Amino acid sequence: MASAQLAKWWATIRISWNKQLSYKLNFLLLVIGPSVVFFFVKYSLWTAIFRLEGIDKIQGYDLSNMLRYQIWSLIVALVAQGYNSMNLAEDIRMGRISAYLVYPFDFWSFQTAGFISFQGLQLVTASVTLLFMFGLGFLQHLHVPDLISGLAFSLVVSFFWYQVSYLIGLAAFWLEETWVLRVMFITISQFFSGAILPLEAYPKYLLNMLAWTPFPYLTYTPVKIFMGEYTGSLSQAWLTLLAWMVVVGLLNRLVWQRGLRLYTAAGM
Amino acid sequence: MIICQGLGKDFKHYQKTAGFVGSLKSFFHRSYERRAAVHNFDLEIQHGEMVGLLGPNGAGKTTLMKMFSGIIVPSHGKLQVLGHVPFEREHAFRKKIALVMGQKSQLWWDIPAMDSFLLLQKYYEIDNRDFKKRLGELSALLGVERQLQVHVRKLSLGERMKMELMACLLHRPDILFLDEPTIGLDVVAQRNIRDFIAQYQAQYKTTVILTSHYMADVEALCQRIVLVLGGTKRFDGPIREFSNILGREKFVSVTFSESITDPTSFWATFDPQWNESRTRVDLRVPEAELRSSAVAILQRFPVAEFTMEKLPIERVMNALLANPQLLKGAE
């Protein structure tokens with residue numbers, strides 16, 4: 001029985017890979033895109049800020065440290081925050097989930113297997129980006145234990161990110177458009193997670209409050225773990241994140257059960 | 001197999017007046033109307049039956065299909081399919097049914113159909129030997145052996161529909177729900193699909209519930225017809241009795257050697273349908289008057305061809321939709 005379930009998951013992951021690899025140029029652009037974006041946006045921006053303003057340090061970060069922080073934040077974004085639920089919301093709204101309601105494989109399992117497959121490709125992209133940055137000399141010190149610890153934490157963050165994206169996607173049972181919710185979540189999380197600026201730049205009282213939310217663990221914590229500079233309590237980081245995962249997981253279950261009662265399977 | 005009692009489904013229909021002011025108003029207050037798509041529906045379908053759900057657009061046929069297959073939740077009433085409550089969507093139930101949606105593809109667009117079939121093999125836990133055997137049989141019957149490795153997006157509509165049917169039949173479902181399986185297909189492709197369904201059903205005695213706008217599908221495949229109008233059942237019986245709703249009539253088609261401009265009311269009682277050049281007319285003639293009418297037509301007009309057959313259900317449907325009061329006698 002368990003092996004039959006496993007076979008369903010594995011077959012779904014494989015078919016998602018096939019689907020994503022069916023457009024070769026698109027895949028190639030996805031893999032090299034992040035490095036190109038880094039040089040055009042982050043590298044140019046931070047170099048300009050430090051050199052043109054004649055600043056040596058911002059909140060303890062010199063240019064080389066800031067670039068390292070930004071590179072790791074790019075890697076974390078690739079590993080942990082790449083997934084979005086655009087298709088899910090669209091599929092619900094257009095009545096395209098009907099087929100998956102008839103197959104003897106749960107919809108959540110189908111979506112999650114798709115996410116795992118997506119993560120596999122994201123890991124390829126992140127590895128290519130990391131090797132590229134290493135080759136260019138931006139990252140001189142790579143410590144394997146930090147790499148493993150940072151990757152493990154990022155993968156858990158990626159699952160939390162997926163859960164939230166799934167929840168936003170399910171809002172399509174009630175809302176005609178869910179992109180506003182998605183943009184709001186991304187904007188807020190970018191601001192409070194340390195994806196734009198390292199969290200040292202924020203006031204202490206705000207950081208104390210944020211510690212109880214999932215936000216600082218989305219970017220700042222894994223980036224600092226990768227850099228080997230995380231000074232906070234790792235167990236608190238893991239526990240807070242896992243607690244939020246349980247909350248969002250339960251919410252997903254509830255929203256799916258309620259939402260499905262409203263599903264009209266439009267267009268069939 | 002399928003038992004429903006007092007089944008109903010209501011939908012909320014939001015209303016918005018056109019233009020910017022309408023959008024602004026609906027932003028603060030969305031008014032809606034609750035409409036019954038299906039109302040107080042009773043139905044019983046036995047194993048191995050082939051039943052056609054007939055009705056115009058919006059009659060409630062597809063809503064019924066969605067409820068039968070567990071995709072949507074009924075608002076009221078009782079429904080059991082194969083001993084299961086469809087909306088509970090137990091895996092055991094899902095393994096016994098299949099749904100073909102003519103207007104929605106269930107195959108993955110960007111990959112060959114074979115990849116989708118392999119995925120479905122795992123979902124339905126079909127062992128390798130059975131899978132290969134069924135795949136071979138179905139692809140040979142449908143004549144698509146050479147298209148299995150072609151990307152679905154590159155297939156013609158007819159080929160795609162054949163693949164959709166294959167995808168739904170690989171697990172040998174007990175009930176097959178076919179929602180407009182021939183929509184958009186040319187006549188040859190329609191006939192191929194019809195022939196295949198008939199052959200498959202004869203071989204495996206699968207229960208088939210079909211909705212189609214093409215009466216030829218229903219006539220060729222179904223022994224029983226359920227007519228749905230305004231969300232309620234208006235006729236349920238053998239197809240041969242369907243045309244009797246209009247009384248015992250025959251369908252008479254007469255072709256003339258010249259255009260008929262006869263202004264008399266001779267034709268009026270037979271619901272005449274003339275072609276543009278008025279050289280051909282289709283009539284509904286009561287069986288009791290058939291002999292006398294035929295003689296009168298042959299004597300009075302330059303008849304080149306005269307054919308007579310049972311009333312096609314398309315004609316019956318058109319008459320019923322134009323005059324729903326005719327159904328009162330059938331209920």
Side-chain angles (χ1 to χ4, degrees), chain A residues 1-27 87 90-110 113-114 117 173-177 256-268, chain B residues 9 11-14 37 62-63 65-67 69-75 86-87 89-112 114-127 151-153 164 167-168 171 173 177 179-180 211:
Chain A
M1 200 64 187
S3 69
Q5 276 301 313
L6 213 60
K8 292 180 189 185
W9 279 80
W10 180 234
T12 312
I13 290 170
R14 278 180 48 189
I15 207 165
S16 300
W17 270 329
N18 289 352
K19 218 167 68 176
Q20 292 178 65
L21 293 174
S22 59
Y23 297 100
K24 291 176 187 66
L25 181 63
N26 187 48
F27 178 67
N87 290 345
E90 179 83 355
D91 288 351
I92 290 174
R93 209 164 59 83
M94 305 297 284
R96 288 196 290 250
I97 64 166
S98 302
Y100 305 105
L101 299 179
V102 177
Y103 295 146
F105 188 53
D106 290 332
F107 188 70
W108 183 85
S109 306
F110 178 80
S117 132
F173 281 122
W174 289 268
L175 305 174
E176 284 186 22
E177 286 293 351
W256 168 254
Q257 282 166 354
R258 301 288 294 268
L260 205 53
R261 301 191 78 84
L262 301 174
Y263 183 59
T264 59
M268 179 186 148
Chain B
K9 179 69 187 175
F11 287 117
K12 270 183 183 177
H13 292 266
Y14 287 98
T62 303
T63 303
M65 290 285 234
K66 290 173 188 173
M67 288 193 279
S69 54
I71 292 175
I72 62 169
V73 199
S75 305
F87 184 64
R89 297 180 33 254
E90 298 159 80
H91 281 203
F93 168 69
R94 291 193 246 171
K95 280 184 183 170
K96 294 181 203 163
I97 65 158
L99 170 68
V100 175
M101 298 174 276
Q103 305 198 60
K104 282 244 189 315
S105 177
Q106 298 179 63
L107 300 168
W108 282 264
W109 198 247
D110 301 316
I111 51 177
M114 189 60 200
D115 283 355
S116 297
F117 298 155
L118 287 167
L119 180 71
L120 294 173
Q121 180 199 359
K122 301 292 179 214
Y123 282 0
Y124 290 100
E125 298 166 36
I126 309 166
D127 69 47
H151 282 74
V152 171
R153 64 172 187 271
E164 298 275 350
C168 287
H171 63 287
F177 297 105
D179 188 44
E180 305 282 358
T211 74

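Bear in mind the structure is a predicted one, so any value in this text is a computation, not a measurement. Naming: A, B, ... by sequence-line order, numbering from 1 per chain.
With a 4.5 angstrom heavy-atom cutoff, A:R96 touches chain B via backbone and side-chain atoms both. If you measure heavy-atom distances from B:F11 to chain A, the contacts under 4.5 Å come from the side chain alone. Contact of A:I97 with chain B is not made at all, since no heavy-atom distance falls under 4.5 Å. With a 4.5 Å cut-off on non-hydrogen atoms, B:F93 does not touch chain A at all.
For the pair A:L260/B:R89, a side-chain contact is recorded, criterion being any heavy-atom separation below 4.5 Å from C-beta on. Counting heavy atoms from C-beta outward, A:Q20 and B:D110 have side chains that stay 4.5 Å or more apart. The side-chain heavy atoms of A:R261 and B:F87, taken from C-beta on, include a pair separated by under 4.5 Å. When side chains are defined from C-beta on, B:K104 does not count as touching A:S98, because their heavy atoms never get closer than 4.5 Å.
Summarising the geometry of B:R94 relative to A:Y100, their closest heavy-atom pair is NH1-O, 4.0 Å, with the distance given to 0.1 Å. Minimum interatomic distance between A:V102 and B:Y124 (heavy atoms only, all atoms of both residues): O-OH, 4.2 Å. Smallest separation of non-hydrogen atoms from B:K122 and A:A11: CG-CB, 3.6 Å. Summarising the geometry of A:T264 relative to B:K66, their closest heavy-atom pair is O-NZ, 2.9 Å, with the distance given to 0.1 Å.
By the 6.0 Å contact criterion, CZ on B:R153 is enclosed, its count of non-hydrogen atoms from other residues, nucleotides or ligands being greater than 12. Surrounding CZ of A:R93 are more than 12 heavy atoms belonging to other residues, nucleotides or ligands, all under 6.0 Å away.
Chain A forms the most heavy-atom pairs under 4.5 Å with one residue out of B:T63, B:V73, B:I97, B:L118, and that residue is B:V73.
Here the CD1-CG distance, from A:I15 to B:L120, works out to 7.5 Å after rounding to the nearest 0.5 Å. The structure places CG of B:L119 at 10.5 Å from NZ of A:K8, a figure rounded to the nearest 0.5 Å. The CG atom of A:N18 lies 5.0 Å from the CG atom of B:D115; values are rounded to the nearest 0.5 Å.
Note on ring orientation: taking the six-membered ring where Trp is involved, the planes of A:F110 and B:W108 are tilted (angle from 30° to 60°).
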